[in-house]
> 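For reference, the structure I am asking about is given below.
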Amino acid sequence: MQYWLLKSEPGVYSFERLMREKQRRTGWECVRNYQARNFMRDAMQPGDGVLFYHSSSEPPGVAGIARVVRTNLVDPTQFAADSEYFDPKSKREDPTWRMVEIEGLTACEPFVPLSLLRAEAGLRGMAVLQKGQRLSVQPVRPEEWKIVLKLGGIRADPLPKGHK
DNA sequence: GCCAACGTTGGC
DNA sequence: GCCAACGTTGGC
């Protein structure tokens with residue numbers, strides 16, 4: 001079991017919106033980056049933990065946590081001709097873009113702003129804090145997961161203890 | 001709005 | 001396969 005950080009602009013899709021979805025679930029559509037695609041296709045597993053990160057917002061930071069429900073699903077937006085995420089090169093029989101389904105679990109209370117993540121010694125190596133890191137799907141270490149939950153006031157980790 | 005960092009595109 | 005040009009991300 002592994003942990004991940006997923007970025008979303010709250011103006012486009014927020015953690016609050018996820019929590020209002022039927023079953024609190026949504027397909028993580030519209031990712032158009034190969035490295036992120038590969039994580040969703042090859043590495044993520046049902047049951048993995050997700051830090052839901054709000055980017056391009058004031059302030060940016062972790063809004064809540066979720067879990068991975070299903071992985072390596074076909075992103076339908078690549079075939080939607082009227083979508084800005086339409087990919088004319090993608091083939092039905094071999095779709096280029098994949099997604100995962102996630103389920104919202106718990107909001108951070110309080111919200112964990114980026115500035116607080118930066119101030120935390122134990123998070124120095126966290127991917128989202130590294131200069132130039134723009135990837136929208138990032139692996140998170142178990143220690144980092146634990147620290148962020150603590151900062152976000154989530155006392156009881158809702159996910160089963162991971163083991164390597 | 002700025003701009004550094006990074007990814008993608010396309011000519012050669 | 002190189003790499004310049006261009007587009008995007010995302011914090012500030």
Side-chain angles (χ1 to χ4, degrees), chain A residues 2-21 26-44 48-66 68 71-102 104 106-141 143-154:
Chain A
Q2 291 178 271
Y3 302 97
W4 305 92
L5 179 145
L6 298 187
K7 288 184 193 172
S8 182
E9 299 187 20
V12 177
Y13 193 94
S14 67
F15 184 75
E16 293 69 29
R17 173 132 167 237
L18 172 64
M19 295 301 270
R20 288 195 305 266
E21 300 279 6
T26 195
W28 205 247
E29 299 176 339
C30 305
V31 175
R32 295 292 180 271
N33 170 282
Y34 287 102
Q35 210 179 332
R37 188 276 310 268
N38 294 346
F39 279 139
M40 294 194 291
R41 188 187 60 186
D42 307 326
M44 294 175 84
D48 283 358
V50 171
L51 299 176
F52 196 113
Y53 182 88
H54 282 177
S55 63
S56 294
S57 64
E58 188 49 52
V62 178
I65 63 171
V68 175
T71 65
N72 194 21
L73 302 169
V74 174
D75 179 345
T77 63
Q78 68 196 305
F79 300 120
D82 58 342
S83 167
E84 65 173 300
Y85 293 96
F86 176 62
D87 182 352
K89 287 181 289 188
S90 183
K91 303 273 172 278
R92 293 261 179 195
E93 61 275 18
D94 183 24
T96 305
W97 304 110
R98 311 305 171 91
M99 64 178 191
V100 294
E101 184 183 41
I102 63 169
T106 312
C108 288
E109 188 54 47
F111 179 86
V112 184
L114 177 58
S115 58
L116 196 57
L117 298 178
R118 288 200 191 286
E120 194 66 31
L123 298 180
R124 290 265 163 73
M126 197 173 177
V128 74
L129 304 183
Q130 305 312 305
K131 190 173 178 180
Q133 182 55 266
R134 318 183 305 185
L135 200 58
S136 65
V137 178
Q138 305 180 354
V140 170
R141 299 187 185 100
E143 320 84 85
E144 296 166 347
W145 170 265
K146 218 179 285 184
I147 293 171
V148 175
L149 259 59
K150 194 173 188 180
L151 294 174
I154 301 172

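Letters A, B, ... are given to chains in the order of the sequence lines, protein chains preceding strands, and every chain is numbered from 1.
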> We want to know whether A/Thr77 and A/Glu29 form a side-chain donor-acceptor pair, criterion being a heavy-atom distance below 3.5 angstrom.
no

> Need two values: the first and the last nucleotide of DNA chain C, 5' to 3', having an atom under 4.0 Å from any heavy-atom of chain A.
C/dG7 to C/dC12

> So, for A/Phe52 and A/Trp4, is the gap between ring centers shorter than 6.0 Å?
no

> Within the side chain of A/Ser57, is there an N or O that forms a donor-acceptor pair under 3.5 Å with the backbone of A/Pro59?
yes

> Does the pair A/Asp75/A/Arg32 count as a salt bridge with the N-to-O cut at 4.0 Å?
yes

> Any side-chain to backbone donor/acceptor pair from A/Gln138 onto A/Val128? Under 3.5 Å, distance only.
yes

> Please list, by residue number, the residues of residues 130-140 of chain A whose heavy atoms come closer than 4.0 Å to an atom of DNA chain B; answer none if no residue qualifies.
A/Lys131, A/Gly132, A/Arg134

> Does A/Arg118 reach a base, just sugar-phosphate, or nothing at all? Heavy atoms under 4.0 Å.
sugar-phosphate

> Would you please test A/Leu51 and A/Tyr3 for side-chain contact (heavy atoms from CB on, under 4.5 Å) and show each step?
CA-CA 8 Å; A/Leu51 299 176; A/Tyr3 302 97; over 6 Å; no

> List in chain and number order the residues that pass ring pair (Phe, Tyr, Trp, His ring centres under 6.0 Å) with A/Tyr13, two or more places apart in sequence or in another chain; answer none if no residue qualifies.
none

> Kindly compute the distance separating CG (A/Leu135) from NZ (A/Lys7), expressed to the nearest 0.5 Å.
7.0 Å

